[in-house]
Student: 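Just passing along the structure, written as structure tokens.
Both ligands and their constituent atoms are indexed starting at 1 by order of listing. Because the structure is a prediction, the values reported are computed rather than measured.
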Amino acid sequence: MTPSILILGGTGKVGSRLARQLSASQQPILVASRRGTGNGHGVPVAFDWHNRETWEKPFATAASPIGAVYLIAPPSLDADKIMNEFIDFARERGVRRFVLQSASSIEPGGPAMGKVHSYLIELGQRGEVDWAVLRPTWFQENFADQPNHYRSIKEEGKVYSATGDGKIPWVSSDDIAAVAARALTSPEPPNTEYLVLGPELLSYGEIADILTDVLGKKIVHVDLSAEGLEERHQSFGMAAEYAKMMSAMDTAIKFGAENRTNDVVLAVTGDRPKTFREFAESAKETWL
Ligand SMILES: NC(=O)c1ccc[n+]([C@@H]2O[C@H](COP(=O)([O-])OP(=O)(O)OC[C@H]3O[C@@H](n4cnc5c(N)ncnc54)[C@H](OP(=O)(O)O)[C@@H]3O)[C@@H](O)[C@H]2O)c1
């Protein structure tokens, strides 16, 4: 019996693509999210990080024992405590492999997922789990999936950031999911981290230029102050502390924090990573 893979955050940008890719290779999967609607692949299950009564559900629902879990954090700064608690909960139920989706900007031991990253390293060193941590940079799909971006592109012809001319190696969620699928299913445990970056460095201004080309309508970049961006995030319903952290990330980008590329996607998947223009062409309808 092939063990099941549990995808937490399975309806989000990466989770839904991971579910599709694993299903295509006949892998039994459970797709978890608060709403529990699933995404048309595998078995849907309602799971809320903040409600421990839901944690047992995937284990009670799985058709075969859960062997691996893909961990996507809830958007709160103290997520590490509940995530590490859930890792122990899942280990007690026989899970051996954990693959964490962290972020390029978060070092092991750093805030939120950084502490989950260091916990997995610690458990791995004791031989108690197999693990991998994906540290993707900013997703291309943010512009199509997040209202703060798709609404301003569609309704105002604008993209907002506080990054100045700072550049980012924007990565496709398809490529992140492809790296995740291999980390979850490789016969040899990865026991390492992957810095998952896209193929080219682009500022928000250059993103606006590509969108202008693809849409045939002028899109401009509005460079906000850090405080201005924080307020904007809150106006879209983001918690104050989280908005502050997101805004600080833009400031870091302004000063070059994301200014690098690598060949991790090609090395792990055998496929070249998608460009932003390819993504924009495929998502064009969203902004018209
Ligand atoms: N977006 C980026 O550019 C980027 C870059 C690097 C790293 N990351 C990291 O990637 C992670 C996911 O971000 P994203 O933008 O990809 O998010 P997303 O597409 O919005 O996906 C989030 C997923 O988590 C689920 N979820 C949210 N709150 C939950 C809760 N309390 N309990 C259970 N499930 C919950 C959502 O479904 P329901 O709403 O149905 O629960 C959804 O399936 C975050 O940790 C983020 O820091 C993002």
Student: Under 4.0 Å from any heavy atom of S102, which atoms of ligand 1 are there?
Tutor: 7 (C)

Student: At under 4.0 Å between heavy atoms, which part of M113 makes contact with ligand 1: side chain, backbone, both or neither?
Tutor: side chain

Student: Among all protein heavy atoms in this structure, tell me which lies nearest to atom 8 (N) of ligand 1, with the distance rounded to 0.1 Å.
Tutor: F139 CZ, 3.7 Å

Student: Looking at K244, I'd like to know if its NZ atom is crowded, meaning that more than 12 non-hydrogen atoms belonging to other residues, nucleotides or ligands lie closer than 6.0 Å.
Tutor: no

Student: Just wondering, are more than 12 heavy atoms of other shown residues or ligands nearer than 6.0 Å to CG in D165?
Tutor: no

Student: Answer side chain, backbone, both or neither: which part of T137 comes under 4.0 Å from ligand 1, heavy atoms only.
Tutor: backbone

Student: If you have a sec, work out which protein heavy atom is nearest atom 17 (O) of ligand 1 and how many Å separate them, to one decimal?
Tutor: K13 NZ, 3.9 Å

Student: Give the numbers and elements of all ligand 1 atoms closer than 4.0 Å to a heavy atom of G9.
Tutor: 23 (C), 24 (O), 25 (C), 43 (O)

Student: Would you mind telling me which of F276, W138, Y150 makes a ring-ring contact (aromatic ring centres under 6.0 Å, His included) with F143?
Tutor: F276

Student: Determine, considering heavy atoms only, which of N142, V14, D48 sits nearest to atom 1 (N) of ligand 1.
Tutor: N142

Student: Looking only at protein heavy atoms, identify the closest one to atom 22 (C) of ligand 1 and say how far it is in Å.
Tutor: G12 CA, 4.3 Å

Student: What residue and atom, counting heavy atoms only, is the protein's closest point to atom 44 (C) of ligand 1, and at what distance?
Tutor: A73 O, 4.4 Å

Student: In terms of residue, atom name and distance, what is the protein heavy atom nearest to atom 29 (C) of ligand 1?
Tutor: R34 NE, 3.4 Å

Student: Can you find an N/O atom of Q101 closer than 3.5 Å to an N/O atom of ligand 1?
Tutor: yes

Student: Measure S104 to ligand 1 on non-hydrogen atoms and call it side chain, backbone, both or neither using the 4.0 Å cut-off.
Tutor: neither

Student: Can you list the ligand 1 atoms lying under 4.0 Å from a non-hydrogen atom of W138?
Tutor: 3 (O)

Student: I'd like to check S152 versus R232 (side-chain heavy atoms, cut-off strictly below 4.5 Å). Are they in contact?
Tutor: yes

Student: Rounded to the nearest 0.5 Å, what separates atom CD in Q101 from atom CD1 in I7?
Tutor: 11.0 Å

Student: Are the side chains of Q26 and T2 in touch, meaning some heavy atoms are under 4.5 Å apart?
Tutor: no

Student: Among all protein heavy atoms in this structure, tell me which lies nearest to atom 40 (O) of ligand 1, with the distance rounded to 0.1 Å.
Tutor: R35 NE, 3.0 Å

Student: Short list, please: which atoms of ligand 1 are under 4.0 Å from a heavy atom of H50?
Tutor: 31 (N)

Student: Report yes if some heavy atom in the side chain of Y160 is under 4.5 Å from a heavy atom in the side chain of D250; otherwise report no.
Tutor: no

Student: So L100 and M113, do their side chains get closer than 4.5 Å, heavy atoms only?
Tutor: yes

Student: Find all atoms of ligand 1 within a distance of less than 4.0 Å from any non-hydrogen atom belonging to P136, and give their numbers and elements.
Tutor: 6 (C)

Student: Tell me: protein heavy atom nearest atom 32 (N) of ligand 1, and distance?
Tutor: W49 N, 3.0 Å

Student: Nearest non-hydrogen atom to atom 33 (C) of ligand 1 belongs to which of Y242, F143, W170, F47?
Tutor: F47

Student: Mind checking whether I72 contacts ligand 1 via backbone (N, CA, C, O), side chain (CB onward), both or neither, at a 4.0 Å heavy-atom cut-off?
Tutor: side chain

Student: If you measure only the distance, is there a donor-acceptor pair under 3.5 Å linking the side chains of N262 and Y194?
Tutor: no

Student: Could R96 and D130 be called an ion pair, given the rule that one side-chain N must be under 4.0 Å from one carboxylate O?
Tutor: yes

Student: Would you kindly say whether E200 and T275 are connected by a side-chain donor-acceptor distance under 3.5 Å?
Tutor: no

Student: Distance check, rounded to the nearest 0.5 Å: T286 atom OG1 versus K154 atom NZ?
Tutor: 8.0 Å

Student: Could you tell me the residue and atom name of the protein heavy atom closest to atom 43 (O) of ligand 1, and the distance to it rounded to 0.1 Å?
Tutor: T11 OG1, 2.6 Å

